[in-house]
2 protein chains.
Amino acid sequence: MAKKTPALADLSTEEKIREAARKLFTKKGYAATRTRDIAEEAGLNLALLNYYFRSKEKLFAIIMVEKLQKFFGFLLPIIYDESTSLESKLETISAGYLDLLMVNPDLPFFILNEIRNNPDLIVNVVKRKDFLKNSVFLKQLKDQRPDADPLQFLLSLLGMCIFPFVMKPGFQKITDTNDHKFFQMMEERKKLIPVWSKAILKAKYPK
Amino acid sequence: MAKKTPALADLSTEEKIREAARKLFTKKGYAATRTRDIAEEAGLNLALLNYYFRSKEKLFAIIMVEKLQKFFGFLLPIIYDESTSLESKLETISAGYLDLLMVNPDLPFFILNEIRNNPDLIVNVVKRKDFLKNSVFLKQLKDQRPDADPLQFLLSLLGMCIFPFVMKPGFQKITDTNDHKFFQMMEERKKLIPVWSKAILKAKYPK
DNA sequence: GTCTATAACCTGATAGAC
DNA sequence: GTCTATCAGGTTATAGAC
């Protein structure tokens, strides 16, 4: 039996606060989240937040690093894997991202939002700043299509994977799609994106 | 001589405030923007903001409607145009969006962010709630590929157009791309997306 | 470790002089 | 219309009892 969200009562006080902070920060962002809300969400007193984490900002920084690692961490081993083909990587990346985001639908928006406020955050997590430029993935792209800009392709691949989640609330409102239907679509996208990304990879590159 | 950003001094006080509010709200969102910052950005006193707009919320609502109309407004005539082909629409939409976003790079993030906080906002601007479902564009997609889900395609098209701007700050940091280079890439994307969207439209739909 | 009470600060809004 | 000064309310952070 998987324990996605462990019962609040079972957690230590510190972890209760973390869990509540994760939920609220990802949902509403730093500025719109009040420490009172976090304390209430955790079923605890406000003072405990400062007792354990000293300040809202410090608590936020902890959650942020966690989330950044989730968002970029799983990508690193894939794009540096010498043993897999480009096509295999496309499948792994899209399926991996969709699985990750189906469990954490608010993650991309949160990350993108807070990077906007502080772009240097990325560097701290990604460590090596040329991690993308030096990757096997980018080299394989360059090999397959020496005539094309691999970054253009990457933007489209990520857009296809991530954008639906960034747009989720608006999309659901416009198309009258409930959560069940949305996640069903994302499940289908796991098959679609590999096919589509290969199609655009083979497409004639316009001059 | 185009006047993109008219000199602040030339504007009426009311318009100075609007302009400053546009800038800060789109950049940082509602919660993170302080009325004091808006006043300072406009080179004016805080009290004038309330004199002209009564409250932060009311000022925000005005900017928000403006932006929503910008973001969705230009789409409506295109997707309801009976006289143009599907392929022509793909070109018009991608080129139109990229042009729009090159002038307003922060627009998508702002829209997406505030829709998240208040999904009903969309309805007020889009008026008819089935505006997408009933569109010529969706019908043409359905005609061309009766075996496929047109919404999946739409998500990819929008993702390819909009996502680069949502990710702009992070992308530039990771790839060490300055503004000039970024906009150059977006210019190139105007040619790429039509080709790519047609490619995925023709791709074999996986079962 | 956990709570209540309160301090210290910030932010949106207004009063009133010019 | 525009400014300075200030209020009222809310938010983070801390002091101190238990």
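Values reported hereafter were calculated over all heavy atoms of this structure, with side chains retained and with hydrogens, waters and symmetry mates removed. Residue numbers start from 1 in every chain, and the chains themselves are labelled A, B, ... in the order their sequence lines are given, proteins ahead of strands.
Between A:Asn50 and D:dA13, a side-chain N or O to OP1/OP2 separation shorter than 4.0 Å is present. A close approach under 4.0 Å does not occur between any side-chain nitrogen or oxygen of B:Tyr51 and OP1 or OP2 of D:dC3.
We find that CD of B:Glu40 is positioned 13 Å from P of D:dC3, with the value rounded to whole Å. At whole-Å resolution of the value, CZ in B:Phe60 and P in C:dA13 are 14 Å apart. The distance from atom CG of A:Asn45 to atom C1' of D:dT14 is 12 Å, rounded to the nearest whole Å.
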Steps toward salt bridge (charged side-chain N to carboxylate O under 4.0 Å, His left out) verdict (B:Asp179, B:Lys168): CA-CA 9 Å; B:Asp179 269 0; B:Lys168 181 171 181 284; 3.0 Å; yes
Could you please spell out the steps behind the salt bridge (charged side-chain N to carboxylate O under 4.0 Å, His left out) verdict for A:Glu91 and A:Lys198? CA-CA 10 Å; A:Glu91 283 158 23; A:Lys198 286 171 204 166; 2.8 Å; yes
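With sequence neighbours left out, A:Phe153 forms a ring-ring contact (aromatic ring centres under 6.0 Å, His included) with no residue at all. Residues satisfying the side-chain contact (heavy atoms from CB on, under 4.5 Å) test with B:Thr33, not counting sequence neighbours, are B:Leu24, B:Phe25, B:Lys28, B:Ile38.
Here B:Arg36 lies in heavy-atom contact (under 4.0 Å) with a base.
Less than 6.0 angstrom separates the ring centroid of B:Tyr97 from the ring centroid of B:Phe71.
Within residues 28-35 of chain B, no residue places a heavy atom under 4.0 Å from DNA chain D.
When the nucleotides D:dA13, D:dT4, C:dT4 are ranked by their closest atom to the side chain of A:Ala47, C:dT4 comes out on top.
Note that the CE atom of B:Met167 and the CZ atom of A:Arg116 stand 11.0 Å from one another [nearest 0.5 Å].
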